[in-house]
Amino acid sequence: STPMVVRSLDIKKDPYRPKEEDENVLGPEVPYLSVIGALLYLAQCTRPDIAFLVNLLAMYSSEPTKRHWNGIKHIMRCLGGTTNLGLFYSNTGNNPNLDGYADAGYLSDPHKARSQTVYVFNNSNAAISWRSTKQTLVATSSNHSEILALHEASKECIWLRSLIEHIRKSCQLPSVTERSTIIYEDNAACVAQIQAGYIKGDRKKHISLKFFFTRELQKDNKIE
């Protein structure tokens, strides 16, 4: 019923942990890389619900084990039971505007102390752009990881706004870029900092100023 099993908070019992010394690597007879490639294509085109797990399992492509192969088979069973689901784009939707959601999974990879950046943008009540990827920096707090995720979502938002404006101009439709794009973020500290601007303090003086690019976009009424 879900793309992945519940992970254990104990990293030694995590079914998606890296290969251990006493485990064998899958042989060439197991099409691990081929299936990962197919799932990546699917996750990027029509199934945002499997994006996180496919990104997770793709990290073990060089040394996959039976545990990781079981994770792939779990995805395949989930897809087999949800072939009736899809993305429906309607020209009569009650929300034709672009809106987005940004979030972060703090320490979603406890083995390398990395968090996860996740965002999705909707238009006419259907997803048109999404991403789930591991952050390249080590976030020192949940607030830090949320700021990184919101920064990536803001860059995607600017590109989508320019793309939509180009399409509307080509079709001789009225512009919609005078409206701010709403990005929903559930971390109160992150929202407060973006709205108030960068405030140097012991808890955030180590966060690079470039990640407050979102603040400038808000001042220009491009996002809210």
| message | Just to verify, what does His151 make a ring pair (Phe, Tyr, Trp, His ring centres under 6.0 Å) with, not counting sequence neighbours? | response | Phe211
| request: Taking the side chain as every heavy atom from C-beta outward, state whether His74 and Pro3 have any pair of such atoms under 4.5 Å apart. | output: no
| Same cluster (ILVMFWY, side-chain, under 4.5 Å), Leu53 and Val6 | no
| request: Over all heavy atoms of both residues, which pair between Gln193 and Ile147 is shortest? Give the atoms and the distance, please. | output: OE1-CD1, 3.6 Å
| message | The test is side-chain contact (heavy atoms from CB on, under 4.5 Å); show your working for Cys78 and Ile50 and say whether it passes. | response | CA-CA 9 Å; Cys78 178; Ile50 67 172; 5.6 Å; no
| Any chain of hydrophobic side-chain contacts (each under 4.5 Å) joining Val118 to Leu107? | no
| message | Phe52: which residues meet the ring pair (Phe, Tyr, Trp, His ring centres under 6.0 Å) condition with it, sequence neighbours left out? | response | none
| request: Measure the shortest side-chain to side-chain distance between Arg17 and Lys12 over non-hydrogen atoms and say whether it is less than 4.5 angstrom. | output: no
| Closest contact, heavy atoms only, Gln135 versus Ala104 | NE2-CB, 4.2 Å
| ring pair (Phe, Tyr, Trp, His ring centres under 6.0 Å) against Tyr60, all qualifying residues, sequence neighbours excluded | His68
| query | What pair of heavy atoms forms the shortest contact from Cys190 to Glu185, and how long is it? | reply | SG-CG, 4.1 Å
| Within 6.0 Å of CG in Leu9, more than 12 heavy atoms from elsewhere | no
| request: Can you run down the salt bridge (charged side-chain N to carboxylate O under 4.0 Å, His left out) pairs that involve residues 102-130, sequence neighbours left out, and say none if there aren't any? | output: Asp109-Lys134
| task | Output, in order, the C-alpha distance, side-chain angles, deciding distance and verdict of side-chain contact (heavy atoms from CB on, under 4.5 Å) for Ile207 and Phe212. | result | CA-CA 9 Å; Ile207 302 177; Phe212 286 84; 4.1 Å; yes
| message | Check whether Glu156 reaches the backbone of Ser129 with its side chain - one donor and one acceptor, N or O, closer than 3.5 Å. | response | no
| query | So, for Ser108 and Ser115, which heavy atoms are closest and what is the spacing to 0.1 Å? | reply | OG-C, 3.7 Å
| request: For Tyr32, enumerate each residue passing the ring pair (Phe, Tyr, Trp, His ring centres under 6.0 Å) test, keeping only those at least two apart in sequence or located in another chain. | output: none
| Under 3.5 Å side-chain donor-acceptor pair for Glu165 and Ser175 | yes
| request: Consider only side-chain N and O atoms of Ser132 and Gln116, and report whether a donor and an acceptor are under 3.5 Å apart. | output: yes
| query | Is a donor on one side and an acceptor on the other found under 3.5 Å between the side chain of Ser61 and the backbone of Ala58? | reply | yes
| query | Under the 3.5 angstrom rule, does the side chain of Asn122 hit a backbone N or O of Asn125 as a donor-acceptor pair? | reply | no
| For Glu178, salt bridge (charged side-chain N to carboxylate O under 4.0 Å, His left out) partners two or more places apart | none
| field | Side chains of Leu217 and Ile158 in contact at under 4.5 Å (non-hydrogen atoms) | value | yes
| Sequence neighbours excluded, which residues qualify as salt bridge (charged side-chain N to carboxylate O under 4.0 Å, His left out) partners of Arg131? | Glu152
| query | Heavy-atom count around Tyr41 OH within 6.0 Å, excluding the residue itself: above 12? | reply | no
| field | Counterpart residues, side chain to side chain contact (heavy atoms under 4.5 Å, CB included), relative to Pro110 (two or more places apart) | value | Arg7, Ile11
| said: For Lys210, give me all partners under side chain to side chain contact (heavy atoms under 4.5 Å, CB included), at least two apart in sequence or on another chain. | reply: Ser208
| query | Would you say the side-chain atoms of Ser180 pair up with the backbone N or O of Asn221, donor to acceptor, closer than 3.5 Å? | reply | yes
| Should Leu163 and Leu173 be regarded as members of a common hydrophobic cluster, given that ILVMFWY residues are connected when their side-chain heavy atoms come within less than 4.5 Å of each other, either directly or indirectly? | no
| task | Answer whether the closest heavy-atom distance between the side chains of Ser154 and Tyr119 falls below 4.5 Å. | result | no
| field | Exercise: identify the closest heavy-atom pair between Gly71 and Leu57 | value | C-CD1, 3.8 Å
| With sequence neighbours excluded, what pairs up with Lys19 under the side chain to side chain contact (heavy atoms under 4.5 Å, CB included) test? | Glu23, Val25, Glu63, Thr65
| request: Please report the shortest heavy-atom distance between Pro15 and Arg67, naming the atom on each side. | output: O-NH1, 2.7 Å
| request: Carefully, step by step, assess Glu224 and Gln218 under the rule side-chain contact (heavy atoms from CB on, under 4.5 Å). | output: CA-CA 6 Å; Glu224 178 182 350; Gln218 185 173 271; 5.6 Å; no
| task | Examine Ile182 and Tyr101 and state if one hydrophobic cluster contains both, with Ile, Leu, Val, Met, Phe, Trp and Tyr joined whenever side-chain heavy atoms are less than 4.5 Å apart. | result | yes
| query | Just wondering, do Ile164 and Leu98 contact through their side chains at under 4.5 Å, heavy atoms? | reply | yes
| Close side-chain approach of Cys157 to Phe121, heavy-atom, < 4.5 Å | yes
| task | Verify, without hydrogens or angle tests, whether Trp130 (side chain) and Ala43 (backbone) share a donor-acceptor contact under 3.5 angstrom. | result | yes
| message | Run the side chain to side chain contact (heavy atoms under 4.5 Å, CB included) test against Thr46 and tell me which residues pass, sequence neighbours left out. | response | Leu42
| request: Step through the shown structure and confirm whether more than 12 heavy atoms of other residues, nucleotides or ligands are within 6.0 Å of CD on Gln172. | output: no
| task | Please check if the side chain of Asn187 supplies one atom and the backbone of Ala189 the other of a donor-acceptor pair under 3.5 Å. | result | yes
| field | Residue pair Tyr106, His144: steps toward the side-chain contact (heavy atoms from CB on, under 4.5 Å) verdict | value | CA-CA 9 Å; Tyr106 181 56; His144 189 183; over 6 Å; no
| Flag side-chain contact, heavy atom, 4.5 Å: Lys222 against Thr181 | no
| task | Can you run down the salt bridge (charged side-chain N to carboxylate O under 4.0 Å, His left out) pairs that involve residues 43-58, sequence neighbours left out, and say none if there aren't any? | result | Arg47-Asp49
| Contact check, side chains of Asp99 and Ile183, non-hydrogen atoms, under 4.5 Å | no
| query | Counting N and O atoms only, with roles assigned by atom type, does the side chain of Glu20 sit under 3.5 Å from a partner on the main chain of Asp22, one being a donor and the other an acceptor? | reply | no
| request: Give the cluster check for Leu33 versus Met76: same hydrophobic cluster or not, with ILVMFWY residues linked at side-chain heavy-atom distances below 4.5 Å. | output: no
